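Below, all heavy atoms of this structure are taken into account, side chains as well, without hydrogens, waters or symmetry copies. Being a predicted model, the structure only gives us computed values, none of them experimental.
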Amino acid sequence: MTSLGTSLDEARTFLADFPVVDGHNDLPWALREQVRYDLGARDIATDQSAHLHTDLARLRAGGVGAQYWSVYVRSDLPDAVTATLEQIDCVRQLIARYPADLRSALTAADMEAARAEGRIASLMGAEGGHSIDNSLATLRGLYELGVRYMTLTHNDNIAWADSATDEPVAGGLTPFGHEVVREMNRLGMLVDLSHVAATTMRDALDTSTAPVIFSHSSSRAVCDHPRNIPDDVLERLPANGGVAMVTFVPKFVLQAAVDWTVAADENMRAHGFHHLDTTADGMKVHHAFEESHPRPVATVSTVADHLDHMREVAGVDHLGIGGDYDGTPFTPDGLGDVSGYPNLIAELLGRGWSKPDLAKLTWQNSVRVLAAAEDVARDEQSRRGPSNATLEQLDG
C-alpha cells in the first residue's frame, strides 16, 4: 500500500471518531435554484454528483458529523425574510425526510448526541443581516426556528454593517449594528464574521461577549482577498474564544485564482448574469470563459497552507472548517465535494499535525464555541430582557 493510501486510511479512521463540523454548505440554495425545493427531484439519498456537491453517501464518505446548512438568500431579493423562511423550511424538510442520517441540532449537546447516534447533526446559519430586515424581533424569530448563527453581511453592505466586498459606508458597525451583536449574544446565536469588512470584524469583536465565528473564511496574509481574515483579527480570537473556519473556495485561497475571478466576474456581468449565478445558463457562460482562459487550480495543499498560517497566528484552539460546498462553482483538486475532507486530514497528518490538534480542528472547537455562546446567553438573559431598539432610534 502506498503512503498516500496509508494516510488516507488513517484520516478516515480518525474522522470516524472526530468527524468534521462544517460551518457552511449552500445545499438549500442549490435546491431552491435547481428544483424549487422538489426534494424528490434531487433526492440526496441517491448519487447527486451530476448536480450537487452534496448527498448523504458523500457526506458519510467525507466524515462529516455536523453541518451548518446555510439558509442564505440573495441580498437583492425584495422579500428576503420570506425567502429565508423558505430556506429554513427546506432544511427542516431535509431533516424530516432523512431521519436515519440527519438529526436536528440546536445545542452543543445535540451535536454530541448526534455523533453518539451516528447521525449528522444539522444546524442552520443565516447568511447576511438582510435576512432580518433591520428587525430584532425577526432576529429572535429566526433563532426560535433553529438558526444558530447569522453572518452579519453577505456581499453587499446593509444599513448597519459594512461588507468586505462593497464600498465602506458605516465604517464597520453602526450603533444599531452593535445592538444586533448584543442581542445575538443574549439569544445564544453565534456572530459570524465571514463576508464582513475588517472594520466590521473589529467592531463586532469589541462588542461581543460571546465567541464569534468565521463560518467560511481563510487567511488574508496567505491570499490577499477582502473575504479573508487579516492577521490582527486572527490574533484576537484567543481572547474572544472564537473559531475561524477555513474555506476551500479557490478565489479566496489562491492568489492566481483571485485575479482570474475578477476577469470571470466581469465576463458574467457582460453577458447579463449576476456574477454568482449558478444556473445552467450561467454555468455555460462560466465554462465558455474557462475554456478560453484556463482557471488556476487550487489544491488540498493550498488550503493546508492557510491552516498552517492561521494556526501560527490564532492557535489550534481557534480553527475549524467551512467548505462552502454548493455555494461555489469551482473547488480545489482533491476537495471537489463533501467526500474530500479525508484528503485534507491526510495532508495535515503529513505536515505533522497531531491527532489531538486535528480533533480540535474537525470537531471540538466548533462544539465548544456553540456551548460557550449558550453559557453567555444564560448569563445575559438572567440580567436583561429582549431589546426592542430600532434602526431609526439608534442610527437616526
Side-chain angles (χ1 to χ4, degrees), residues 72-77 80 125-136 138-139 142 149-187 189-221 223-245 247 251-252 258 262 265 275-276 310 313-314 318 376 387-396:
Y72 157 80
V73 302
R74 275 176 29 192
S75 56
D76 60 353
L77 290 182
E127 191 175 14
H130 58 284
S131 288
I132 65 169
D133 194 24
N134 304 325
S135 166
L136 296 178
T138 301
L139 176 72
L142 295 188
Y149 75 66
M150 184 174 74
T151 321
L152 298 186
T153 73
H154 191 242
N155 288 336
D156 303 313
N157 295 339
I158 55 176
W160 44 269
D162 282 347
S163 167
T165 48
D166 203 346
E167 292 300 316
V169 174
L173 289 175
T174 69
F176 184 76
H178 287 281
E179 188 71 358
V180 171
V181 170
R182 285 189 287 267
E183 188 64 5
M184 292 174 72
N185 289 166
R186 195 193 65 83
L187 287 169
M189 184 186 288
L190 291 165
V191 176
D192 177 22
L193 300 179
S194 286
H195 278 288
V196 307
T199 50
T200 306
M201 297 175 192
R202 296 175 189 121
D203 280 356
L205 282 163
D206 288 344
T207 298
S208 184
T209 56
V212 303
I213 65 165
F214 293 82
S215 65
H216 57 309
S217 294
S218 295
S219 164
R220 191 156 184 179
C223 180
D224 188 14
H225 190 287
R227 269 283 281 105
N228 287 334
I229 314 167
D231 277 1
D232 73 282
V233 174
L234 285 170
E235 287 168 356
R236 294 184 63 177
L237 287 183
N240 167 264
V243 171
M245 308 177 88
T247 196
K251 66 181 180 180
F252 301 151
V258 173
V262 171
D265 288 351
H275 68 278
L276 294 177
M310 293 162 76
V313 176
H318 304 285
V376 168
S387 172
N388 292 306
T390 66
L391 181 75
E392 293 73 20
Q393 286 171 344
L394 297 184
D395 290 356

Test item: side-chain donor near acceptor, His178 and Glu183, under 3.5 Å: no
Donor + acceptor pair across side chains of Asn185, Thr209 (<3.5 Å): yes
Go through the structure and list residues passing side-chain hydrogen bond (donor to acceptor under 3.5 Å, both in side chains) with [X], not counting sequence neighbours.
X: Asp265; answer: none
X: Thr247; answer: none
X: Ser194; answer: Ser217
X: Thr200; answer: none

Quick one: list whatever passes side-chain contact (heavy atoms from CB on, under 4.5 Å) with [X], sequence neighbours left out.
X: Thr174; value: Trp160, Ala170, Phe176, Asp395
X: Ala159; value: Asn134, Leu391
X: Asn155; value: Thr165, His195, His275, Leu276
X: Val169; value: Asn157, Asp162

For the [atom1] atom of [X] and the [atom2] atom of [Y], what is their distance to the nearest 0.5 Å?
X: Ile158; Y: Ser131; atom1: CD1; atom2: OG; value: 9.0 Å
X: His154; Y: His130; atom1: NE2; atom2: NE2; value: 7.5 Å
X: Met245; Y: Ile229; atom1: CE; atom2: CD1; value: 11.0 Å
X: Leu139; Y: Arg186; atom1: CG; atom2: CZ; value: 9.0 Å

Qualifying residues under salt bridge (charged side-chain N to carboxylate O under 4.0 Å, His left out), relative to Asp156, sequence neighbours excluded: none
Salt bridge (charged side-chain N to carboxylate O under 4.0 Å, His left out) partners of Arg220, counting only residues at least two apart: Asp224
Is any side-chain heavy atom of [Y] closer than 4.5 Å to one of [X]?
X: Val180; Y: Leu136; value: yes
X: Asn228; Y: Ser219; value: no
X: Leu190; Y: Asp192; value: no
X: Met201; Y: Pro230; value: yes
X: Pro168; Y: Thr199; value: no
X: Met184; Y: Leu152; value: yes
X: Ile213; Y: Tyr149; value: yes

Side-chain donor or acceptor of Ser208 paired with backbone N/O of Ala204 under 3.5 Å: no
Contacts under 3.5 angstrom, residues 236-244 side chains, donor-acceptor by atom type, not counting sequence neighbours:
residue : atom : partner : partner atom : Å
Arg236  : NH1  : Asp206  : OD1          : 3.3
Arg236  : NH2  : Asp206  : OD1          : 2.7
Asn240  : OD1  : Val212  : N            : 2.9
Asn240  : OD1  : Gly242  : N            : 3.0
Asn240  : ND2  : Ala210  : O            : 3.1

Working for side chain to side chain donor-acceptor pair (under 3.5 Å), residues Thr151 and Glu127: CA-CA 5 Å; Thr151 321; Glu127 191 175 14; 5.2 Å; no
Pairs involving residues 223-243, ordered by first then second residue, that meet ring-ring contact (aromatic ring centres under 6.0 Å, His included) (sequence neighbours left out): His225-Phe252
Distance-minimising heavy-atom pair for Ala161 and Leu173: CB-CD2, 3.7 Å
Passing candidate, side-chain contact (heavy atoms from CB on, under 4.5 Å) with Glu179, options Thr390, Thr207, Leu394: Leu394
